[in-house]
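Quick note: residue numbers are just sequence positions, from 1. Owing to the predicted nature of the structure, the values given are computational and were not obtained by experimental measurement.
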Amino acid sequence: MKILVLHGPNLNLLGSRENDVYGSVTLDAINRALEDLAKAEGVKLAIHQSNAEGDLVDWIQKAAGAFDALLINPGAFTHTSIALRDAIAGVGIPAIEVHLSNIYRREAFRQHSYIAGVAIGQISGFGSDSYVLGLRAAVAHVKRAQTIKT
Ligand code: DQA
């Protein structure tokens, strides 16, 4: 099983960015936790971060046929990007949307996600654990889908 992990804009700043909202865990530490879980589950990960919407769209497009699922924190693009939504819908890859903060108890502009409507599900508000929970959900979803197929 292969899972693509995408981190959107400003997530490279985790650890020093608005610690009261996002905690003090760095992106490297999050990626290590994901790699540890992936290893235990026998799953292969490819992990990328970009501040550019086009990079994220390109990675999603290239995921067609190459990855079984997408774990994505779209960052601020969650609330703005029809392009990311269209890429996920267009490729038809099962996507799990994650957020460190609970976007539904923040500013009104963060309470709408363009991604949620094309995602399998969303995990929001558990800090860096959101990613680990999201990866578990992705693995379970792919296993379930494979069992139905066989
Ligand atoms: C975020 C929430 C977004 O609203 C914000 O723009 C981010 C991070 C989160 O993980 O909580 O950059 O996606």
| field | Any pair counted as side chain to side chain donor-acceptor pair (under 3.5 Å), so long as it reaches residues 115-127, sequence neighbours left out | value | Glu97-Gln122, Tyr104-Gln122
| What about Tyr22 and Val132, same hydrophobic cluster or not, with Ile/Leu/Val/Met/Phe/Trp/Tyr joined at side-chain heavy-atom distances under 4.5 Å? | yes
| Heavy-atom pair of closest approach, residues Leu37 and Leu135 | CD2-CD2, 3.8 Å
| By side chain to side chain contact (heavy atoms under 4.5 Å, CB included) - contacts of Val142 (at least two apart) | Met1, Asp68, Ala69, Gln146
| task | Drop me the distance from Ile72's CD1 to Leu6's CG, to the nearest 0.5 angstrom. | result | 5.0 Å
| query | How far apart are the closest heavy atoms of Ser128 and Ile30, and which atoms are they? | reply | CB-CG1, 3.8 Å
| query | Given Val25 and Leu100, is the side-chain contact (heavy atoms from CB on, under 4.5 Å) satisfied, shown in steps? | reply | CA-CA 10 Å; Val25 183; Leu100 297 123; over 6 Å; no
| query | Can Leu11 be reached from Val57 by stepping across I, L, V, M, F, W or Y side chains whose heavy atoms are under 4.5 Å apart? | reply | no
| said: Considering only residues two or more places apart or on different chains, which pairs with a residue in residues 119-131 satisfy salt bridge (charged side-chain N to carboxylate O under 4.0 Å, His left out)? | reply: none
| request: Applying side chain to side chain donor-acceptor pair (under 3.5 Å), name anything that partners Ser50, two or more places apart in sequence or on another chain. | output: Asp55
| Nearest heavy atoms of Ser130 and Val98, plus distance in Å | O-CG1, 3.5 Å
| said: Can you give me the closest heavy-atom contact between Ala63 and Leu4, atom names plus distance? | reply: CB-CD2, 3.8 Å
| message | Let me check something: do Leu56 and Leu45 share a hydrophobic cluster, defined by ILVMFWY side-chain heavy atoms less than 4.5 Å apart, either directly or through other members? | response | no
| task | Could you note down all residue pairs passing salt bridge (charged side-chain N to carboxylate O under 4.0 Å, His left out) where residues 99-120 supplies at least one of them, sequence neighbours left out? | result | Glu107-Arg110
| message | Testing the basics here: between Leu71 and Gly134, what is the closest heavy-atom pair and its distance to 0.1 Å? | response | CD1-C, 3.5 Å
| query | If you look only at pairs with a residue in residues 61-92, which of them pass as a ring pair (Phe, Tyr, Trp, His ring centres under 6.0 Å), with sequence neighbours excluded? | reply | none
| Same cluster for Ile93 and Leu84 if Ile/Leu/Val/Met/Phe/Trp/Tyr side chains link at under 4.5 Å? | yes
| request: Could you note down all residue pairs passing side chain to side chain donor-acceptor pair (under 3.5 Å) where residues 80-96 supplies at least one of them, sequence neighbours left out? | output: Glu53-Ser81
| field | Verify same cluster id: Leu70, Ile47 (apolar side-chain graph, 4.5 Å) | value | no
| How far does CD of Gln49 sit from CG of Asn12, to the nearest 0.5 angstrom? | 4.0 Å
| field | side chain to side chain donor-acceptor pair (under 3.5 Å) pairs, two or more places apart, involving residues 132-145 | value | Glu41-Lys143
| message | I'd like to check the ring-ring contact (aromatic ring centres under 6.0 Å, His included) partners of Tyr114; sequence neighbours left out, ordered by chain and number. | response | His112
| request: Mind checking ring-ring contact (aromatic ring centres under 6.0 Å, His included) for His7 and listing every partner two or more places apart, or none if nothing turns up? | output: Tyr131
| note | Rounded to the nearest 0.5 Å, the CD1 atom of Ile103 sits from the CD atom of Gln111 at a distance of 8.0 Å
| message | According to salt bridge (charged side-chain N to carboxylate O under 4.0 Å, His left out), does anything in residues 24-38 pair up with another residue at least two apart or in another chain? List the pairs. | response | none
| task | Quick one: closest heavy-atom pair of Ser101 and Val21, and the distance? | result | CB-CG1, 3.9 Å
| message | How long is the straight-line distance from CD1 of Ile115 back to CD1 of Ile88, given to the nearest 0.5 Å? | response | 4.5 Å
| field | Non-neighbouring partners of His48 that pass ring-ring contact (aromatic ring centres under 6.0 Å, His included), sequence neighbours left out | value | Trp59
| said: I'd like to know if the side chain of Asn10 reaches the main chain of Asn51, judged simply by a donor and an acceptor atom lying under 3.5 Å from each other, with no hydrogens or angles considered. | reply: no
